[in-house]
Amino acid sequence: MSLTRKRENTINFSPGPAALPDEVVREARENVMNYKGLGLGVMELSHRSPEYTALNLQTQDLLRSLLHIPSNYQVLFQQGGGTAQFAAIPLNLTPSEDTTADYFITGMWSQKAAKEGEKFVKVNHVLSKADGGYMTIPEQSQWNLTPGAGFVYYCANETVHGVEFPEPPDVGSVPLVCDASSNFLTRPIDIAKHAVVYAGAQKNVGCAGVTVVIVREDLLGKCRPYTPVVLDYAVSYWHYVRGQFCR
Ligand code: PMP
């Protein structure tokens, strides 16, 4: 028996990908067929066309205004989903495998990030599972932070285990990295407290595979020489922010 449910009769409780407002789906449908009266759909446009460039810049501007992103941060769109950032973060932010990076492990996704991170940095666990049991964030007095660490990583909202940071952890002057994949745009976030805030788009804002990376400008162009080009923040910056396409 084939299902033919009507959209208007469906109540979608899925937490992610979540239900989209009808008017958003309608607008997307129209633009997939014919974008701005060009006679072709948005997915059929060249990524070098002025229309695509305008769309990209507009998306960056919308994010800037929604999140009050300071002017010394850049908004990048990278490939590879949230998972690619598990490698991109250490490769872009630290010079070598001798660097220690601190990870708050509060659930499955920060655990996965730390496991991938082990390929590129010395991973220090700020908390052990026993401290919080993926149920809570222990008091600051129990945090095991490394002075001078390459960065401190946390997951703002653990999608599976449900632990959410009420605010960014205070880690002093060490660059702070936030995986905001599953609470991105659900509330304000103080970008200025971070070196990088990233979010895989498919939970809250867009298509699977696209990742929004908000990065402090002074961190661009410092990746390790063997960083794959698709993970290099500076390359994404030149492509999408400056419109200098080199591939
Ligand atoms: N971080 C969090 C918090 C997630 O929920 C997910 C995906 N469920 C990821 C990272 C991995 O993202 P992706 O599936 O885009 O690789």
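In each ligand, atom 1 is the first atom listed, and ligand 1 is the first ligand listed. No experiment lies behind these values; they were computed from the predicted model shown.
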**Asked** What protein heavy atom sits nearest atom 1 (N) of ligand 1, and how far off is it?
**Response** D179 OD2, 2.6 Å
**Asked** Taking only heavy atoms of C155, which atoms of ligand 1 are found under 4.0 Å from at least one of them?
**Response** 3 (C)
**Message:** Would the distance check show the side chain of D179 and the main-chain N or O of S181 forming a donor-acceptor pair, the cut-off being under 3.5 Å?
**Reply:** yes
**Asked** Does S182 reach ligand 1 with a nitrogen or oxygen that is under 3.5 Å from one of the ligand's nitrogen or oxygen atoms?
**Response** no
**Request:** Write out the residue and atom name of the closest protein heavy atom to atom 11 (C) of ligand 1, then the distance separating them to 0.1 Å.
**Result:** W109 CZ3, 3.4 Å
**Request:** Determine whether any heavy atom of G200 lies closer than 4.0 Å to an atom of ligand 1.
**Result:** no
**hydrophobic_cluster_shared for L40 and V42, side chain cutoff 4.5 Å** = yes
**Fill in**
Checking W143, Y153, F151 against F104 for ring-ring contact (aromatic ring centres under 6.0 Å, His included), the one that qualifies is W143
**Request:** Nearest 0.5 Å please: distance from the SG atom of C155 over to the CE atom of M108.
**Result:** 10.0 Å
**Prompt:** Under a 4.0 Å heavy-atom limit, does K112 contact ligand 1 with its side chain, its backbone, both, or neither?
**Reply:** neither
**Request:** Kindly indicate whether the side chain of V212, heavy atoms from C-beta on, has any atom under 4.5 Å from the side chain of Y198.
**Result:** no
**Message:** Please list the nearest protein heavy atom to atom 16 (O) of ligand 1 with its residue and the distance rounded to 0.1 Å.
**Reply:** T83 OG1, 2.5 Å
**Prompt:** Any idea which protein heavy atom is nearest atom 7 (C) of ligand 1, and the distance to it?
**Reply:** K203 NZ, 3.2 Å
**Request:** Determine whether L127 and T106 make a side-chain contact, defined as any pair of heavy atoms from C-beta on separated by less than 4.5 Å.
**Result:** yes
**Request:** Can you sort out which atoms of ligand 1 are near G81, meaning under 4.0 Å from one of its heavy atoms?
**Result:** 15 (O), 16 (O)
**Check: C178 main-chain N/O paired with H194 side-chain donor or acceptor under 3.5 Å** = no
**Fill in**
Within the 4.0 Å heavy-atom cut-off, what E158 brings close to ligand 1 is neither
**Request:** With L93 as reference, evaluate V215, T99, V121, V177 under the side-chain contact (heavy atoms from CB on, under 4.5 Å) test and give the passing residue.
**Result:** V177
**Prompt:** What is the closest protein heavy atom to atom 14 (O) of ligand 1, and at what distance does it sit?
**Reply:** Q202 NE2, 3.2 Å
**Item:** Closest approach of any protein heavy atom to atom 3 (C) of ligand 1, naming residue and atom
**Value:** T159 OG1, 3.2 Å
